[in-house]
Protein chains: 2
Amino acid sequence: MTEAVDDYLKALYQLGEEPHPALPRRVATGELALALGVSGPSVCSMLKRLSALEPPLVDSARHGGARLTPAGRLHALRVLRRHRLLETFLQRELGYAWDEVHEEADRLEHVVSERFCEALARRLGGPATDPHGEPIPAPDGSLESPRELPLSLLAEGVPARVGRVTCRDGELLRYLAARGLQPGARLVLLAREPFGGSLKLRVEETVTELGPAAGAVVFLALPDGEDA
Amino acid sequence: MTEAVDDYLKALYQLGEEPHPALPRRVATGELALALGVSGPSVCSMLKRLSALEPPLVDSARHGGARLTPAGRLHALRVLRRHRLLETFLQRELGYAWDEVHEEADRLEHVVSERFCEALARRLGGPATDPHGEPIPAPDGSLESPRELPLSLLAEGVPARVGRVTCRDGELLRYLAARGLQPGARLVLLAREPFGGSLKLRVEETVTELGPAAGAVVFLALPDGEDA
DNA sequence: AGTTGAAATTTGACTTGTCTAATTCAAGAT
DNA sequence: ATCTTGAATTAGACAAGTCAAATTTCAACT
């Protein structure tokens with residue numbers, strides 16, 4: 001399978017399944033085109049190819065959007081495992097910042113072998129998440145999605161820990177990193193402007209103000225058992 | 001530039017210049033085809049493309065073989081740097097054996113960034129050679145080729161050190177590794193069968209017999225100043 | 001129900017890299 | 001000087017992936 005196939009399947013997973021792994025949703029052609037930076041017709045013809053394979057990797061209904069088949073999902077999750085292991089390696093061992101890992105991993109994920117990946121995983125101590133706190137799928141494609149809570153819903157005064165930051169924008173990532181808002185950081189919400197305004201936080205030892213756009217991408221790790 | 005371009009330029013370098021960096025030689029179309037595992041016509045059309053670029057990367061004469069231009073040589077040496085740094089990393093940090101590094105590096109060399117490479121180089125302590133003892137070009141394409149002597153010409157009883165092993169065959173590499181014949185190993189030639197027969201060696205502490213095919217790929221590091 | 005507008009699809013073309021089959025070339029042998 | 005032969009090149013085709021332009025389809029609103 002080629003690199004383009006990796007990209008389409010990964011995008012299909014991230015758009016259709018990642019937000020709610022329990023209920024996959026069909027993804028529209030145009031949505032994929034936007035995410036992948038290609039034209040509508042390109043998506044259309046690729047989806048046709050992917051659903052004509054044996055076994056089919058996507059389930060594509062005329063004018064009805066597309067969804068991964070189990071085989072396609074497995075493929076996507078394997079790509080995602082490679083991507084996230086690479087990101088972790090780049091950050092921990094090669095000195096990349098968390099806003100720099102994505103681009104490099106996006107190129108490497110298509111060519112590293114299973115052998116390479118598993119050697120990397122061993123070396124990194126079997127990390128559970130990547131530098132953004134995204135969970136790393138197991139080699140067999142199984143994925144543990146930890147319970148979490150959006151920062152915007154946190155109650156004032158309750159200590160919490162950053163779990164995941166769902167954002168690919170470098171600018172915003174650097175802004176967050178400058179304030180210490182990276183996975184693992186401990187924080188307390190001190191005050192909240194009404195109607196989705198900015199948040200006043202204590203992150204580790206430092207008090208800081210956070211714009212609402214920034215707050216929207218931060219998710220907190222919930223200790224097992226609790227829920228929103 | 002694409003991966004195929006990397007491959008053609010690298011092969012052109014390794015066939016035409018690597019054996020004698022001082023006097024580059026033209027490489028025949030069929031020779032390239034064999035080395036790259038593609039057909040003659042494929043080589044022909046690619047050479048045409050590469051010599052039509054601005055600046056041209058190869059100097060290709062009708063029915064006269066091809067040679068790298070300075071721009072093409074620089075490109076080839078950069079690919080080679082990436083390849084050899086990756087090989088070194090795979091061996092030292094990911095537990096690959098020296099007969100396993102080539103395939104993986106061949107895929108990675110096309111996609112790793114300059115940034116990645118230099119981070120790797122720093123991490124590895126700026127290695128001068130790869131796991132086979134091949135010199136690693138500098139970032140600017142300059143290359144230091146150490147003086148060396150084929151094992152077949154070594155005098156009996158003179159202590160020497162393995163420098164380079166010019167062989168891509170996995171079987172032979174494993175055979176050599178099993179006898180300790182890897183770069184850095186100290187050895188003494190104990191006896192030589194006449195007319196290119198096998199060699200009796202002491203490698204480090206162990207005495208071993210070596211077939212002539214195996215002997216032909218081993219080169220010895222010469223201390224500065226000496227020569228064949 | 002009919003119309004319309006947005007989204008999806010089809011059509012046809014282009015690029016890169018490859019192949020096989022046919023042709024041309026250069027050079028050594030006669 | 002020509003012939004033969006093997007290598008190199010041209011010609012033509014294909015597959016993957018992309019695009020822009022034209023067309024079709026669905027669905028939503030009169």
Side-chain angles (χ1 to χ4, degrees), chain A residues 1-13 15-16 24-68 71-72 75-76 79 106-107 109-111, chain B residues 1-13 15-16 25-68 71-72 75-76 79 106-111:
Chain A
M1 295 293 96
T2 81
E3 309 197 357
V5 171
D6 289 352
D7 287 338
Y8 278 91
L9 295 177
K10 189 175 60 157
L12 219 30
Y13 179 83
L15 294 172
R25 125 192 125 71
R26 291 189 156 275
V27 179
T29 304
E31 216 179 331
L32 269 173
L34 191 65
L36 291 166
V38 301
S39 71
S42 299
V43 172
C44 209
S45 72
M46 180 58 100
L47 289 179
K48 204 193 292 190
R49 265 188 56 215
L50 294 178
S51 39
L53 290 176
E54 202 46 59
L57 299 181
V58 315
D59 158 16
S60 170
R62 199 180 154 81
H63 288 98
R67 193 176 32 176
L68 291 170
H75 189 112
V79 175
D106 252 0
R107 273 177 288 112
E109 69 187 8
H110 306 297
V111 303
Chain B
M1 297 292 98
T2 80
E3 309 196 357
V5 171
D6 289 351
D7 287 338
Y8 278 91
L9 295 176
K10 189 175 59 158
L12 219 30
Y13 179 84
L15 294 173
R25 122 193 129 71
R26 290 189 158 276
V27 179
T29 305
E31 216 178 332
L32 269 174
L34 191 64
L36 291 165
V38 300
S39 70
S42 299
V43 173
C44 207
S45 72
M46 180 60 100
L47 288 179
K48 206 192 291 190
R49 266 188 56 213
L50 294 178
S51 41
L53 289 177
E54 202 47 59
L57 300 181
V58 314
D59 158 16
S60 170
R62 199 181 153 80
H63 287 99
R67 193 175 34 173
L68 291 170
H75 189 112
V79 175
D106 252 0
R107 273 177 289 110
L108 287 163
E109 70 188 7
H110 306 297
V111 304

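Per chain, numbering begins at 1; letters A, B, ... match sequence-line order.
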Here the distance between atom P of D:dA16 and atom CG of A:Asp6, to the nearest Å, is 15 Å
So CZ of A:Arg62 and SG of A:Cys44: to nearest 0.5 Å the spacing works out to 8.5 Å
Whole-Å distance, B:Leu36 CG to C:dC19 C1', equals 15 Å
Rounded to whole Å, CD of A:Glu3 lies from C1' of C:dT16 at a distance of 14 Å
Rounded to whole Å, CE of A:Met46 lies from C1' of D:dA15 at a distance of 12 Å
* So does B:Arg62 get a side-chain nitrogen or oxygen closer than 4.0 Å to the phosphate oxygens (OP1/OP2) of D:dT10? -> yes
Here the distance between atom C1' of C:dA7 and atom CZ of A:Arg26, to the nearest Å, is 16 Å
Of A:Ser39 and B:His63, the one whose nearest nucleotide on DNA chain D sits closer to the 5' end is B:His63
From the candidates C:dT18, D:dC19, D:dA8, the one with an atom nearest any side-chain atom of A:Ser42 is D:dC19
Counting just side-chain N and O atoms, does A:Tyr8 come under 4.0 Å of either OP1 or OP2 of D:dA16?
no
- Query: Taking B:His75 for the side chain and B:Ala71 for the main chain, is one N or O donor matched with an acceptor at less than 3.5 Å?
  - Reply: no
To the nearest angstrom, the CD-C1' distance between B:Glu31 and D:dG6 comes to 15 Å
Next on the checklist: Just to be sure I understand the rule, does A:Thr29 reach a base, reach only the sugar-phosphate, or reach nothing, if contact means heavy atoms closer than 4.0 Å?
Outcome noted: sugar-phosphate
Of B:Asp7, B:Leu12, B:Val38, the one forming a side-chain contact (heavy atoms from CB on, under 4.5 Å) with B:Leu32 is B:Leu12
Atom CG of A:Leu50 and atom P of D:dA16 are separated, to the nearest Å, by 11 Å
Checking C:dC25, D:dA16, C:dT20 against the side chain of A:Thr2 (C-beta onward), the nearest is D:dA16
Taken to the nearest 0.5 Å, the spacing of B:Leu34 CG from B:Leu15 CG works out to 9.0 Å
- Task: Would you tell me if any nitrogen or oxygen in the side chain of A:Lys48 comes within less than 4.0 Å of OP1 or OP2 on C:dA8?
- Result: no
Main chain of A:Ser60, side chain of A:Arg26: is a donor-acceptor contact present, judged purely on distance under 3.5 Å? no
note: B:Leu47, atom CG; D:dA7, atom P; distance rounded to Å ~ 17 Å
